[in-house]
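Below is one structure, written out as structure tokens, with a few remarks after it.
Residue numbers start from 1 in every chain, and the chains themselves are labelled A, B, ... in the order their sequence lines are given, proteins ahead of strands.
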2 protein chains.
Amino acid sequence: MTITETSLSISQMADASGLSTHTLRYYEREGLMLGSIERASSTHRRYSDGDITWVSFLTKLRSTGMPIRDLKLYVELVRAGENTSGARLALLTRHRESVRQQLREVTASLEAIDIKIALYETTVAEREAQQTGQEQR
Amino acid sequence: MTITETSLSISQMADASGLSTHTLRYYEREGLMLGSIERASSTHRRYSDGDITWVSFLTKLRSTGMPIRDLKLYVELVRAGENTSGARLALLTRHRESVRQQLREVTASLEAIDIKIALYETTVAEREAQQTGQEQR
DNA sequence: AGTTGACTTCGAGTGCGCTTCAAGTTCTAG
DNA sequence: CTAGAACTTGAAGCGCACTCGAAGTCAACT
């Protein structure tokens with residue numbers, strides 16, 4: 001049984017996560033990483049499997065609109081240990097509700113845009129038909 | 001038959017649109033209004049029915065993430081007249097695709113968050129069960 | 001006519017999330 | 001061993017979309 005321990009350089013991590021190296025360092029500076037990143041050469045970062053998983057979850061929270069401020073709260077709870085699971089659950093549940101609300105709003109606005117598009121489609125089709133008629137004259 | 005011509009002050013418009021009076025003036029400054037807003041007292045704005053409809057559509061575009069820059073392009077097309085309907089259709093269609101993409105991404109991230117929440121729910125339930133057990137001792 | 005509150009302009013300020021810069025250090029390939 | 005690419009830090013800068021402040025004008029009520 002071989003355990004494959006992945007360890008990525010910052011640019012590999014950037015590729016893997018879709019974040020820039022700048023953003024990865026920024027997140028670390030902001031205290032969004034669980035612990036301190038291992039340093040292979042005592043200066044160059046090496047990202048572990050755990051780091052990859054963690055950053056991946058951070059991006060899920062970010063892409064659903066959670067502000068950095070709240071990410072900080074969440075990471076602090078995780079660092080504080082198992083007895084904060086209630087608080088973490090509360091935080092995530094609250095966030096989920098806001099995401100759902102956001103989805104409802106975007107979907108509703110999208111419907112209005114759909115209607116507008118449909119309108120333009122008929123307008124454009126009519127204009128094209130008219131132009132074809134002119135060509136026949 | 002009575003035609004009810006609505007005409008709102010800026011603060012009424014703010015209430016009606018959900019935007020602040022600051023934002024309404026800002027939009028106007030940025031050239032996002034179709035024409036110039038009527039001035040009742042030659043200084044105080046009066047928003048017409050048409051203005052209300054227009055701002056309402058602007059907010060649909062904004063709430064789906066269209067940047068101000070693109071709103072400007074759109075309003076310029078509308079101002080330029082009927083023969084830009086093809087370009088407007090293209091702009092809106094492109095935006096719709098980006099909104100759909102955005103919805104897909106958020107939905108996917110939300111699923112990951114759902115899974116995490118489910119995990120915490122069992123953890124919290126277990127901790128509570130354990131605590132109850134301790135109380136019984 | 002006076003007071004209070006809503007309105008005006010224009011420029012500056014804010015918060016967010018990166019992003020870039022500068023100057024130096026370290027790794028890697030030949 | 002050396003050249004060049006990749007990495008390091010800390011601070012400054014940027015783009016976006018508002019948001020606020022100051023100083024003054026106008027409206028509506030008593």
**Request:** Would you mind telling me which of dC16(C), dG17(C), dA17(D) lies closest to the side-chain atoms of Arg69(A)?
**Result:** dC16(C)
**Item:** Rounded distance (Å) that lies between atom P of dT8(C) and atom CD of Glu38(B)
**Value:** 13 Å
**Prompt:** So, Arg45(A) and Glu38(A), do they make that salt bridge, N to O below 4.0 Å?
**Reply:** no
**Request:** Could you please name the option among dT19(C), dA17(D), dT8(C) that lies closest to any side-chain atom of Tyr26(A)?
**Result:** dT19(C)
**Complete:** From CD of Gln12(A) across to C1' of dT28(C) the rounded distance in Å is 13 Å
**Request:** Could you tell me whether Ser9(B) contacts a base, only the sugar-phosphate backbone, or nothing, with contacts defined as non-hydrogen atoms closer than 4.0 Å?
**Result:** sugar-phosphate
**Item:** Ile10(A) side-chain proximity, nearest of dT8(D), dC18(D), dT9(C)
**Value:** dT8(D)
**Request:** Measure the distance from CG on Asp70(B) to C1' on dC16(D) and round it to the nearest whole Å.
**Result:** 13 Å
**Complete:** Atom NE2 of His44(B) and atom C1' of dA28(D) are separated, to the nearest Å, by 11 Å
**Message:** Check this for me: does any side-chain nitrogen of one of Glu97(A) and Arg104(A) sit under 4.0 Å from a carboxylate oxygen of the other?
**Reply:** yes
**Request:** Check whether any side-chain N or O of Thr23(A) sits under 4.0 Å from OP1 or OP2 of dT19(C), and answer yes or no.
**Result:** yes
**Asked** So which nucleotide from dT8(C), dG17(C), dA6(C) ends up closest to the side chain of Arg45(B)?
**Response** dT8(C)
**Prompt:** Between Ser11(A) and dC7(D), is there a side-chain N or O to OP1/OP2 distance below 4.0 Å?
**Reply:** yes
**Item:** Lys/Arg N to Asp/Glu carboxylate O, Glu28(B) vs Arg39(B), below 4.0 Å
**Value:** yes
**Prompt:** Which of these nucleotides, dT9(D), dG17(C), dT9(C), is closest to any side-chain atom of Arg25(B)?
**Reply:** dT9(C)
**Message:** By nearest atom, which of the nucleotides dA6(C), dC18(D), dC16(D) is closest to the Tyr27(B) side chain?
**Reply:** dC18(D)
**Prompt:** Starting at CZ of Arg46(B) and ending at P of dT8(C), how long is that distance when rounded to a whole Å?
**Reply:** 10 Å
**Request:** Please figure out whether Arg29(A) or Ser20(B) has its closest DNA chain D nucleotide nearer the 5' end.
**Result:** Arg29(A)
**Message:** For Leu61(A), run the side chain to side chain contact (heavy atoms under 4.5 Å, CB included) check against Leu92(A), Leu91(A), Leu32(A) and tell me which one passes.
**Reply:** Leu92(A)
**Request:** Ignoring backbone atoms, test whether Ser41(B) places a side-chain nitrogen or oxygen under 4.0 Å from the OP1 or OP2 oxygen of dA27(D).
**Result:** yes
**Item:** Which nucleotide in dT8(D), dT20(C), dT8(C) has an atom nearest any side-chain atom of His22(A)
**Value:** dT20(C)
**Complete:** Minimal heavy-atom distance between Arg46(B) and Ile37(B), with the atoms involved, is O-CG2, 3.3 Å
**Asked** Taking CG from Leu58(A) and P from dG17(C), how many angstroms apart are they, rounded to a whole number?
**Response** 13 Å
**Request:** Report the distance from atom CD of Glu28(B) to atom C1' of dC10(C), rounded to the nearest whole Å.
**Result:** 14 Å
**Item:** Distance in angstrom units between Leu71(A) CG and dG17(C) C1', rounded
**Value:** 11 Å
